[in-house]
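Below is one structure, written out as structure tokens; comments come after it.
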Amino acid sequence: MPQPAHPPTDPRDPLGLRADAPLLDGWLASTDAADRGALTLMCTPGHKQRHDLTGAVVAGDTPLYGGVDTIKHADTLLAEAESRAARLWGADWCRFSVAGSTHGNQALALAVGSPGQEVIVTRCLHRSLLLGLVLAGLRPVWVLPERDTGTGLPGAVAVQTVRSALAAHPQACAVFLGDPSYVGTTGDLAGHADAAHEAGVPLIVDAAWAAYLGFHPDLPPHAIAAGADGMVTSAHKTLPAATQSALVLARTQLLDRARLDRAFEATHTTSPAGAIIASIDAARALLARDGKQLCARLLHLVATARRRLTEVPGVAVLDGPGVDPAKLVVLLAGAGADGYAVEADLIAAGMPVELGDRDMIIPIVTIADTEDTVARFCDTLAASVERRRGPARRPEPSPAWSVVPQMAIPPREAFFSPNETVPADAAAGRISAELVAPYPPGIPVLAPGEVITGDALAALRTARAQGGRIAYAADPSLATFQVITQA
Ligand SMILES: Cc1ncc(COP(=O)(O)O)c(C=O)c1O
């Protein structure tokens, strides 16, 4: 475990990070003053640091503005913390978000072009980016990732695919990719950066699931180091930071700093939670000081888990070149076990995982895990697979990975078009007004403006029948769909 540099001055900061983390320092000081009863708050929050009304649920809550620092001065502290993060990632612009990579994707979409302009985008995108296209009025030119024929899972988008799209759409204003993918596959970001830059446009990368990339020589470089111009990552997903926390990073040769700021502020709260924003600062300070050591341990934990799990007959893991070595993706089809049942066993054992579908379990292993937590997970998973074992079957991957969209009208136009609700049987061939995504992974199978194909309907029904959650549909039972009203 990392050791404190000096004896910590506050037991609430056990590794002594506050000396290099101005927002953390402010949060510690503010909550300490509140705990000592030294504050008579005449500003928000409405709970006024009392825990006898709504109770412990508001403990530790203090706003950035008027808590972590004064309303007039907190911006200075925030800018200092963000510039430390920019330096760490080799960027020259960084903002801390309390609204996840969802907000980061939407801010970057608002920063790159003008309504009506084309943008090259992976169709394996998270729904937040699709809604970013709606907000910004950008017209997607979809590029599809390669798919592994054995597993059906997505790989990266090939550089040549993006080059061809850029050549066919010379007016496109940016390239948006997701890397690593939800299943940890990684691509040639340096090649993509070259392709985008030769076309004179920025490369933006959604790296929501891999904030640790680049902090150990055995990990792929992060997107900014690989040459991307913008990158979003969720601190809360894989770093020891609070839920909702995210970083948006950019280099400002091809992106405009003032426009980035305007885009970021347009959809961010004016009242960021101090604990969330300070936790990004703390996680950044920890990565800067101990990132290499912590990531070495993470890599060791994941390698050990991969070895252990592949000893279970029929079980496989994603591995090898083109896969993030810190990602654990467990494939169950060869053991004939139903992933939904295995997930239920894991939940019953107090081990909720990030994704469980028929053929796959994806736990999130982070630098906060230990040999013990990972060993317990592997043992519990192995025991569940033994109980649920059946004949090996062909994997039937989630429809999210294999969408081949037929875009009839751009997402923004569809989002604001008059629409109606029709029974599922009448929906095939109509244009979707809504976004429908099995969640996780949150990749839309139907997006506003796309033709509802028979294949998409069948795939959504299968995902639901198997036990998947169908998110964002007005009717999650899939009995009806919202479609654009025909003229
Ligand atoms: C690829 C991808 N991007 C963005 C997001 C949104 O992240 P957040 O939950 O931090 O808003 C997710 C969420 O799962 C995601 O999978």
Side-chain angles (χ1 to χ4, degrees), residues 94-110 121-136 140 142-145 153-157 175-187 189 203-213 220 222-223 228 230-249 264 267-269 272-273 276-277 279-280 283 324 326-329 352-357 360 362-364 366 398 400-401 403 435-445 447 468-472:
C94 173
R95 299 300 310 267
F96 291 174
S97 175
V98 300
S101 287
T102 295
H103 170 231
N105 273 331
Q106 295 174 357
L108 290 171
L110 284 167
V121 195
T122 172
R123 187 55 181 76
C124 221
L125 80 178
H126 186 251
R127 45 91 56 179
S128 58
L129 179 53
L130 198 131
L131 273 308
L133 303 182
V134 169
L135 291 174
W142 297 120
V143 284
L144 305 184
L153 294 174
V157 177
V175 176
F176 275 84
L177 298 174
D179 201 285
S181 71
Y182 193 93
V183 296
T185 43
T186 58
L189 285 183
L203 170 68
I204 313 280
V205 178
D206 176 352
W209 287 101
Y212 48 80
L213 287 191
H222 56 70
M231 164 182 147
V232 55
T233 190
S234 296
H236 72 94
K237 290 193 195 297
T238 54
L239 299 181
T243 297
Q244 296 178 207
S245 58
L247 293 130
V248 196
L249 296 138
F264 182 92
T267 45
H268 203 215
T269 175
I276 301 178
I277 213 129
S279 77
I280 306 175
D324 172 2
K327 187 88 178 178
L328 187 56
V329 175
V353 290
E354 195 59 36
L355 178 144
D357 70 12
M360 187 164 64
I362 305 186
I364 301 298
T366 77
S398 160
W401 314 126
V403 183
L435 185 153
V436 183
Y439 214 110
I443 296 165
V445 167
R469 169 187 158 219
I470 305 295
Y472 311 117

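Whatever order the structure lists ligands and atoms in, that order sets their numbers, starting from 1.
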CD1 (I280) and OG (S97) are apart, to the nearest 0.5 Å, by 7.0 Å

Distance col, row E354:CD vs W209:CH2, nearest 0.5 angstrom, shows 3.5 Å

For [atom], closest protein heavy-atom neighbour:
atom                    : result
atom 11 (O) of ligand 1 : T102 OG1, 2.5 Å
atom 14 (O) of ligand 1 : K237 NZ, 3.1 Å
atom 16 (O) of ligand 1 : W209 NE1, 2.7 Å

query: Touching ligand 1 at all, H103? Heavy atoms, strictly under 4.0 Å?
result: no

### Query
Is the distance between the ring centroids of Y212 and H222 less than 6.0 Å?
no

Give the contacting part of [X] toward ligand 1: side chain, backbone, both or neither, where contact means a heavy-atom distance below 4.0 Å.
X    : value
H236 : side chain
S101 : both
N105 : side chain

Ligand 1 atoms nearer than 4.0 angstrom to some heavy atom of S234 are 7 (O), 8 (P), 10 (O)

Quick note on ligand 1: atoms under 4.0 Å from a heavy atom of Y439 include exactly 13 (C), 14 (O)

Heavy-atom donor-acceptor pair, [X] side chain to [Y] backbone, under 3.5 Å:
X    : Y    : result
R127 : A447 : no
T185 : P154 : yes
T366 : L239 : no

The side-chain contact (heavy atoms from CB on, under 4.5 Å) partners of V98 (sequence neighbours excluded) come to H268, T269, P272, I276, I277

Looking only at non-hydrogen atoms, the one of Q106, Q244, H126 nearest atom 5 (C) of ligand 1 is H126

Nearest heavy atom to atom 2 (C) of ligand 1, choosing from T243, I443, D206, L355, belongs to D206

- Task: Establish, from distance only, whether the side-chain atoms of D357 and S398 form a donor-acceptor pair under 3.5 Å.
- Result: no

